[in-house]
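Following: one structure in structure tokens, then a few remarks.
The sequence lines fix the lettering, A, B, ..., with proteins before strands; numbering per chain opens at 1. Values below: all heavy atoms of this structure, side chains included; hydrogens, waters and symmetry mates excluded.
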Amino acid sequence: MKLLTHNLLSSHVRGVGPRGFPLRLQATEVRINPVEFNPDFVARMIPKVEWAALLEAADTLHLVEVPKGPIEGYEHDEKFLRQMHHVLLEVRTGPSLASLATAG
Amino acid sequence: MDQEAAQLEKRHVHDVYESTAPYFNDLQSKAWPRVRQFLQEQKPGSLIADIGCGTGKYLKVNSQVYTLGCDYCGPLVEIARSRGCEVMVCDNLHLPFRDQGLDAIISIGVIHHFSTKQRRIRAIKEMARVLVPGGQLMIYVWAMEQKNRHFEKQDVLVPWNRALCSRLFSDSSQPGRKKPCAHPERSHPYPPPCSVCSCSVCFKEQCHSKRSHSMDYEPLMAGTCCAAISKDGEEENGFYNTLGKSFRSWFFSRSLDESTLRKQTERVRPLKNTEGWANSTICIQPSRHSSLDLDHHEPFSTTEQYLDEDVFVEMSQKQLEWPRAPAAMKHQHGDQQGEVRRNGDGNFLEGTNASENCVNVGDVEGGHPSASKILRRISALDSTDSNPEETISVEEQQPNILDSRAFMRYYHVFREGELYGLLKEHVAELHVLSSGNDHGNWCIIAEKKDNWG
């Protein structure tokens, strides 16, 4: 799954989340899937990002060049947007996380 | 009760979808126009979830938004994923999303699979939880009130017959005839399996053109394409012969898709026996009229009786809600019957003691004051995601393939106003913006209230 998706999930921290399931990202299962860059789209995603979760995920996956937070004027900062685009939409975690069957 | 409900849903929703998922491959069904519109109207950059996304037909409607698909059924999720969608397996009652993370949610043909009111409420509340204040939720559920078919009860099991479909479209040779539906195994050039087979997309262009001639006012079930076929008048015999073989164990409550068979029978007068079969398969009233004993139906009577009774006894034991048909509906039956007969509508009511039977509700709307609110049908698909199932096939060649009760999907069909009432009374965090009927579905758009946590 994409990290943006991961970011929307309720359990980001290591261990068990409020819904009762752990989300553990595995560094060995990272893939990069090129996605066409759409700056407007990325800019609109920025306010919705939960940064703590994103940074932890990025850390776990050993990603580099991940912004630490929204910078001022990010909407027009192409470098920032491209980095976020890459992190949120192009980095994919492996299939093990793609199925999140919650406890019924 | 919750556990029983969960078990029922496992058996008659989850297991069925899981088993039948391969036949939903590709274009499972057409995207409802109003749903598409809802998605396209969302602001660019919105985060949207399709809860109960199936094979993901709505996930790529709007490229300016980020759409996630969720479904309980692993195989369906895999199909969606193979199409490049961002999907995951999850449970509507326990969504894995954080609070207020999503700008919009669609729930198309999902809530009606929950077997108790409480679970339906929980599912809706769960979706409300993950919505941002001001975020919108669109819900589609199958309507009890249908234009050309009739549900006697709100809790129904609808069979699915893959084998029927495969038979129809692989066996019959139809020179010069367009084949709107494909064999589920895709031996035909047209991918979408027929709705009759519960697959759905029959709505290829060929179907459309045919439909416009004859079925404009039918809620178009997947089966429509099948109807279209017969209307061309070439294969009816083959079609019905094939149909007949597979209709050994019809049972129960009004299946969605009679439009197919009903329409066919209208055109196919000369086929005496098969016509009768088709008619009877359309509306079978389980417990009471399990013997469809029109003269031509010997093959049915006994088997069916057993099956009907069996099905519904089981259901009642599960303490499901079984609201009685309102008096109004019964009254309508009376009216409708006369009308049906006048219409010469090939309905098997003619000649049967069908007072309780599924009436060909040719004009349900007449009986509902709110009929005027019912949207004009455009074309397309009726009801829910997968629709059409006509029957359980019990083919001789494959006696073990389908248990007579296998692949029956549970639905709680909604009465007019029921969904609205549910939200109003039990989901205070949502404010209903609009509600209406779309192709045999009650649909609602609601908004998460701003001052809600």
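- A heavy-atom distance below 4.5 Å is found between the side chains of Asp103(B) and Lys48(A).
- Considering every non-hydrogen atom in both Val49(A) and Arg98(B), the closest pair reads C-NH2, 4.3 Å.
- Between the side chain of Glu86(B) and the backbone N or O of Lys2(A) there is at least one donor-acceptor pair closer than 3.5 Å.
- Leu89(A) touches chain B through its side chain: at least one heavy atom from C-beta onward sits under 4.5 Å away, while N, CA, C and O do not.
- Annotation: side chain of Leu47(B) is in contact with side chain of Met45(A) (closest heavy-atom distance under 4.5 Å).
- Taking the side chain as every heavy atom from C-beta outward, Asn38(A) and Gln64(B) approach each other to under 4.5 Å.
- Rounding to the nearest 0.5 angstrom, the gap separating the CG atom in Leu9(A) from the CG atom in Leu95(B) is 10.5 Å.
- Under the 4.5 Å side-chain criterion, counting only non-hydrogen atoms from C-beta, Thr5(A) is in contact with Tyr66(B).
- Contacts of Val65(B) with chain A are made by backbone atoms alone, with heavy-atom separations under 4.5 Å and no side-chain atom involved.
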